[in-house]
Amino acid sequence: MTDQRFNPLSADSRWQKRWAETRVFEADDNSSRPRSYVLEMFPYPSGRIHIGHVRNYTMGDVLARFRRMTGHEVLHPMGWDAFGMPAENAAIEKGVHPSGWTHANIDAMKAQLKRLGFALDWSREFATCDAEYYGHEQALFLDMFEGGLVYRKESAVNWDPVDMTVLANEQVIDGKGWRSGAEVEKRKLSQWFLKITDFADELIEGLDGLDGWPEKVRMMQENWIGRSQGLTFRFQLDQPVGEFGDIEVFSTRPDTIFGASFCAIAADHPLALALAENDKALAEFADDCRKTGTAAADIETQEKKGYDTGLTVTHPLDPEWKLPVFVANFVLMDYGSGAVFGVPAHDQRDLDFARKYALPVTRVVAESGQDDSPIADEAYTGPGQIINSRFLDGMEVEAAKQAVIDRAETEGWGTGSTVYRLRDWGVSRQRYWGTPIPIIHCESCGAVPVPKDQLPVELPEDVSFDKPGNPLERHASWKHVDCPKCGAQALRETDTLDTFINSSWYFLRFASQPEDQPFDKDVLAKWLPVAQYIGGIEHAILHLLYARFWTRALKSLGKVDVAEPFACLFTQGMVTHETYSRSRGKGKGDTFYNPVEVKRDGDSAILIADGQPVEIGRVIKMSKTKKNVVDPDEIVDQYGADAVRFFMLSDSPPERDLPWSEAGIEGSWRFVQRLWRLFIAAANNDQAPDEADKDLQRKLHQTIAGVAEDIENLSFNKAVAKIFELVNQIEKSADSQDRNEAIRTLARIAAPMVPHLAEEAWALFEHEDLIANAPWPEVDESLLVEDEVTIAVQVRGKLRDTLVAAKGSDRETLEQLALASEKVQRTVDGAEIRKVIVVPDRLVNIVI
RNA sequence: GCGGACGUGGCGAAAUGGUAGACGCAGCAGACUUAAAAUCUGCUAUCCGAAACGGGUGUGCGGGUUCGAGUCCCGCCGUCCGCACCA
C-alpha cells in the first residue's frame, strides 16, 4: 500500500543519493547534443546558506533541469568564492586558521545545498582558495603581465583603517569602506594595476550586443565607465611657475570656448601643490578642499569656492584674451586632467562660481535661434545656435564642437579626445587570505615574474594573526627568496590579489579544468558563453564588469575565443520578510526578534516567550541584524525540499522581491501533497473508463507549451500558475484514461520544480529510469486550438454581452450574432448603428 | 541634480491595444468528523439593489490618440534603484 502522504524526509535523500550514484548531472564535454551552460553566481562560504541563495539556485536549477529534458547537454556547476576578509576576521577573533574555517564552512554549506536537490555537476566543484585554482590564476596574471596589461605604480589609495587594507574606488561608498563602514583615508603605496581602461571602449560597445542582459544593468555599466568626448588643450601660463608653463584642460563643450571666463584647477593639481609651497593661504584652502572632498555626503549643498592664484592664462584663440586661474573646490583631480575652463553661461557650477567671484558671464548659445537674453540664475545647457563666438557664430552646437576641435588640431594647440570615469583596477591587497601575486622584487632586476614552472606560489600555512596587518610581511622564510633571474637575494611580493579576480574567471575553469593549464581553449569553445547567468543585482557593476574585462583581456592574449562571457543575465529579487521589534527606550535603538519567536494574529503580533506585543515593521530584505531571517535547513526539515523550491518560484515575478510568509510555504506544502494524491490515484487506476476528454487533453497540451515557454523566459510564477490551472481542471474532470494520462504527464511538467516528488511519482508509474532522464512531453499542436471561442460584444467600447461561436467564424456571422443579442438591442435601443468593428475570434464592437 | 524602473482587490500578482483582476494567499459560509487536523464544495474589486444570466464605478492623478487604453503619447504625484561637483 502506497503512502497517502508524500514523505520528503525519506524521499528527498533517497533520490539525492540516486542522482549522485548515477552521476546524471555530470556534464559531458564530448556530447553531441546542443549545449547549455547554466550558471548561478557561486557563494562566499560564510558558514550558512541563506534564503536568497535558495531562491537563486532554485531558479537556475529549474532551467537546468528543463534544458536537460529538452535534449540539451547541460553544464550546471557549483563552487566556492573562498578567499576574502571574513576568514581572516575569524582567524583574528577566534584563533582559527582561515583555511580550516573556510573548509568547514564549505562542508556545511555543501550539505545544505545537497538537501535542496539541485541538479549540479559536483565533479567540477572547486574553491578559489585551492592552490590548484589560484596557481592557474597566477599563471593568467603573469600572461597579462607579459601582455602589458599589468603595471605597478605609486599611488594614493583608499586605505581602510579598520580592515587595514586598500580598497578599489568601487569599494568606497560615500567616503566609507564598503565592508567596514570606516572613514577611508588616503595613503601612498606601490600598487599593482590592471589596465581595464584599455578596454573601456570595448566594454561599452560590447554592451550593445548583450540583448540577453537587463537594460538596467547595461546602463549602469555604461554610466560607470562614463565615456565623454571633447577637446583637450593647453592653456599657456602668462607667468610660468617653475617647470609649469601651461595647464592641460579637458572640455566636452569646446563649442562654448568663447564663453570662457576663467580657468580652474583642482586642489591636488601639481600646479596648485607647487604654488601652495610658497602660499600659506592657498595651502590652507587646499586642505579644506581635501577634507570636504572625501567626507562629502553633502556634496550637493556644498558651496562653490575658489582661490585666486593671481596667475593668468591666454585664450587659445585670442592672444590678447587673458583668463584668471583659480584653485576651485569643485574640480576633481582624478577626472580628465584636473583642470577646466569655466563657461558660466552654460554650466551651472561655473555660473555659481562666476557670480561669487564677479567673473563675466557671456551667453554663447542662443536658445532656439532666437533667445539671446542675458543669463540669470540658471545656466543654459540645451541645444541652439552659437553667438558671440566669432567664426562659430550661427553654427549648431554639435557642428561648433567639431569646428573647434578641427581648428585646434590644424593649428596644433589641442586634440579631440575621450576621457573615462573608469579608472584602472588596483588589485593589490595587504592581506593574507588571497591569491599571492607571483612576483619577486630584486634590487637589480626589478619586478621579476615567478617562472611558471614554479607555480603555484602557495600561501604558507604557518602564520599567526595576533598582530594587525598582513602576516605574509612577517613570514621571513616565505618572504625572502632568491631572484629567479640573477640569483641574488630578493623579496617576494607580499600583497595578494583582490578577490574579485577570483570570480573574474571561475566560469571558465568550471567549463574546462585540465591539470597543466587554467583551461583548454577548445573545450571552452564548446561551452562558452554561459547561456544563462543568474545572480543578485548587487553585482551589476563590479563583478560583472571585471568578469567581462578578464574575458576580453584573455581574448586579446589569444587565450580564449569568446569576448563576452555571459550571453544572458538575470538578476533576481531579494527574499524579504517583515520585522518584529521592541524599542529599548529613547535613543537606545530596537531589539529585533526572529519570526519563529513571534506569533502573528491579525494585525498584531506577540512574542511567544512573554505573550506581550511586538511592533510589526516594514517588509525588508532578510538580514541578520534585523533578525527577519528564516533558516533554509529548518524549513527543509519541516516541509521538504520540493515545497521550499516551489514556494521560491511561486507568486512573485523572479526579478522582484519575494515576501516570505508562513502561509505561503504552507500553501506550497499543501500543493505538493495535492499532486501526490493525484499521482497515487492515477497509479492505482488501471480500470478507468476509456473515454476521451478533449477539454482536458487541450488543457494538458496548452500547459505543456505554456510552462515550457514560461521556464525559458524565467517567468516561473506564470509557469506555477499554469500548473495550478491544470491541476484544478484534472481534479474537476471525470475518471478516464485521458485523466490518468494527464496526471502521468503532469509529473514530467512539474519535475524541474519538484524533482523529488516527480521521481517518486515516476517510480510509482513503474518507470525503471529516472524522470531526470525523461524527455519534456511533446506538444500536440492540433490540440492547442480551441473549437469554440468566447466573443466579447461591446457597444461603444463597453462590454454588454458575450457569445460563443465556432472558431474562425467569419465577420458577417459574428456581426449578425452580436446584433441579434438581446442585451445589445436593449442598449442600442433603436439608435443608428454607425459602424461595426469585428475582430475575428475576439470581439465585436458596435458603434452608435 | 542627472539617469532608470515601477504604481492593478485585504496581500503576492495575471492580462500580443480587444471580456481587468487568471493563479495563489488570506477571509467568509458549508460538507465530512464524537472532536481536531487534513480534505472537499461555494463565495470573495467596489457602489446602488431583496435579487437579477441588473446597473454604475474602477488599473496613482489630469489630459490626449483610438471604434476600443492597465497597455501608446504628454504633464503631474508617489515609491524604489543607480550615479553624483565627471568639466
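A note on names: the letters A, B, ... follow the listed sequences, proteins ahead of strands, and every chain is numbered from 1. Treat the numbers as computed from the prediction; the structure is a model and nothing was measured.
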Between B:rG3 and B:rG9, how many Å separate the two C1' atoms, rounded to a whole number? 33 Å
Using a heavy-atom cut-off of under 4.0 Å over every strand shown, decide if A:Thr802 touches base, sugar-phosphate, or nothing. base
Checking B:rA87, B:rG82, B:rG54 against the side chain of A:Arg826 (C-beta onward), the nearest is B:rG54
Taking only the side-chain nitrogens and oxygens of A:Lys216, find out if one of them lies under 4.0 Å from OP1 or OP2 of B:rC83. no
A:Val331 near the nucleic acid: base, sugar-phosphate alone, or nothing, with a heavy-atom cut-off under 4.0 Å? base
Taking only the side-chain nitrogens and oxygens of A:Asn845, find out if one of them lies under 4.0 Å from OP1 or OP2 of B:rG18. no
For B:rG54, what is the paired nucleotide under Watson-Crick or G-U wobble rules, both distances under 3.5 Å? B:rC48
Rounded to the Å, how far apart are A:Asn223 CG and B:rG4 P? 10 Å
Assign A:Asn717 to base, sugar-phosphate, or nothing according to its heavy-atom contacts below 4.0 angstrom with the strands shown. sugar-phosphate
Do A:Phe6 and A:Phe679 make the cut of ring centroids closer than 6.0 angstrom? no
Would A:Arg234 and A:Trp413 count as a cation-pi pair here, with the cationic atom under 6.0 angstrom from the ring centre and within 45° of the axis? no
Taking atom P in both B:rA50 and B:rU33, compute the distance separating them and give it to the nearest angstrom. 38 Å
Any side-chain N or O of A:Arg227 under 4.0 Å from OP1/OP2 of B:rC86? no
Taking the P atom in each of B:rC43 and B:rA22, what is the distance between them to the nearest angstrom? 12 Å
Assess whether one donor atom and one acceptor atom, taken from the side chain of A:Lys722 and the base of B:rC23, lie less than 3.5 Å apart. no
Decide, for B:rG9, between syn and anti: a glycosidic angle within 90° of 0 counts as syn, anything else as anti. syn
d(CD, A:Gln702; C1', B:rA22) in whole Å: 13 Å
P spacing across the pair B:rA13 / B:rG68, given as an integer number of angstrom: 32 Å
In whole Å, measure the gap between the P atoms of B:rG10 and B:rU46 for me. 7 Å
Kindly state whether the ring of A:Phe285 and the ring of A:Phe326 have centres lying under 6.0 angstrom apart. no
With the side chain defined as heavy atoms from C-beta on, A:Trp224 is closest, among B:rA87, B:rC83, B:rA14, to B:rC83
At 4.0 Å (heavy atoms only), tell me whether A:Asp801 reaches a base, stays on the sugar-phosphate, or touches nothing. nothing
Testing B:rU19, B:rC40, B:rA38 for proximity to the side chain of A:Arg5, the answer is B:rA38
Has A:Arg218 got a side-chain atom pairing as donor or acceptor with A:Leu207's backbone, closer than 3.5 angstrom? yes
Between A:Lys835 and A:Glu731, who's closer to the 5' end of RNA chain B by nearest nucleotide? A:Glu731
From the candidates B:rC40, B:rG18, B:rG55, the one with an atom nearest any side-chain atom of A:Arg800 is B:rG55
Quick one: does any side-chain atom of A:Arg645 pair with a main-chain N or O of A:Met753 as donor and acceptor, under 3.5 Å? yes
Could you tell me whether A:Leu9 atom CG has more than 12 heavy atoms of other residues or ligands within 6.0 Å of it? no
At under 4.0 Å between heavy atoms, what does A:Phe724 touch on the DNA or RNA strands: base, sugar-phosphate, or nothing? sugar-phosphate
Is there a donor-acceptor contact under 3.5 Å from the side chain of A:Tyr357 to the main chain of A:Gly306? yes
Starting at CG of A:Leu649 and ending at P of B:rG24, how long is that distance when rounded to a whole Å? 16 Å
Measuring only the P atom in each nucleotide, how far is B:rC83 from B:rC23? A whole number of Å is fine. 41 Å
If you measure from the P atom in B:rG21 to the same atom in B:rC53, how many Å do you get, rounded? 15 Å
Give a yes/no answer on whether the side chain of A:Arg670 brings an N or O atom under 4.0 Å of OP1 or OP2 in B:rC40. no
When the nearest nucleotide of RNA chain B is assigned to A:Ala721 and to A:Lys732 on a heavy-atom basis, which residue is associated with the more 5' position? A:Ala721
Measure CD/A:Gln229 against C1'/B:rC86 and give the value in whole Å, please. 14 Å
What distance, rounded to whole Å, do you find between the two P atoms, one in B:rC73 and one in B:rU79? 24 Å
Strictly distance-based, threshold 3.5 Å: is any side-chain N or O of A:Asp841 a donor or acceptor partner for the main-chain N or O of A:Lys807? no
So what does A:Val847 touch, heavy atoms closer than 4.0 Å: a base, only the sugar-phosphate, or nothing? sugar-phosphate
Does A:Ser661 reach a base, just sugar-phosphate, or nothing at all? Heavy atoms under 4.0 Å. nothing
When the distance from CG of A:Asp657 to C1' of B:rC6 is rounded to whole Å, what number comes out? 12 Å
Output the single nucleotide from B:rG4, B:rG18, B:rC40 whose closest atom is nearest the side chain of A:Met219. B:rG4
In this structure, how many angstroms lie between the P atom of B:rA15 and the CD atom of A:Glu725, rounded? 12 Å
Please determine if A:Asp695 and A:Arg698 form a salt bridge, counting it only when a charged side-chain N lies under 4.0 Å from a carboxylate O. yes
Rounded to whole Å, please give me the gap between CZ in A:Arg796 and C1' in B:rG68. 12 Å
Using atom CD1 of A:Ile723 as one end and atom P of B:rG24 as the other, report the distance to the nearest whole Å. 13 Å
I want to verify a distance call: between B:rC83, B:rG12, B:rC67, whose nearest atom is closest to the A:Asp651 side chain? B:rG12
Establish, with yes or no, whether the OP1 or OP2 oxygen of B:rA15 is under 4.0 angstrom from a side-chain nitrogen or oxygen of A:Lys718. yes
With a cut-off of less than 4.0 Å, is there a side-chain N or O of A:Arg656 near OP1 or OP2 of B:rC6? no
Would you say A:Arg218 places a side-chain N or O within less than 4.0 Å of OP1 or OP2 belonging to B:rG4? no
Identity of whatever pairs with B:rG30 - Watson-Crick or G-U, under 3.5 angstrom: B:rC40
Pair assignment for B:rG10, Watson-Crick or G-U wobble, requiring both distances under 3.5 Å: B:rC25
Any strand is fair game: report the nucleotide pairing with B:rA5 by Watson-Crick or G-U wobble, both distances under 3.5 Å, or none. B:rU79
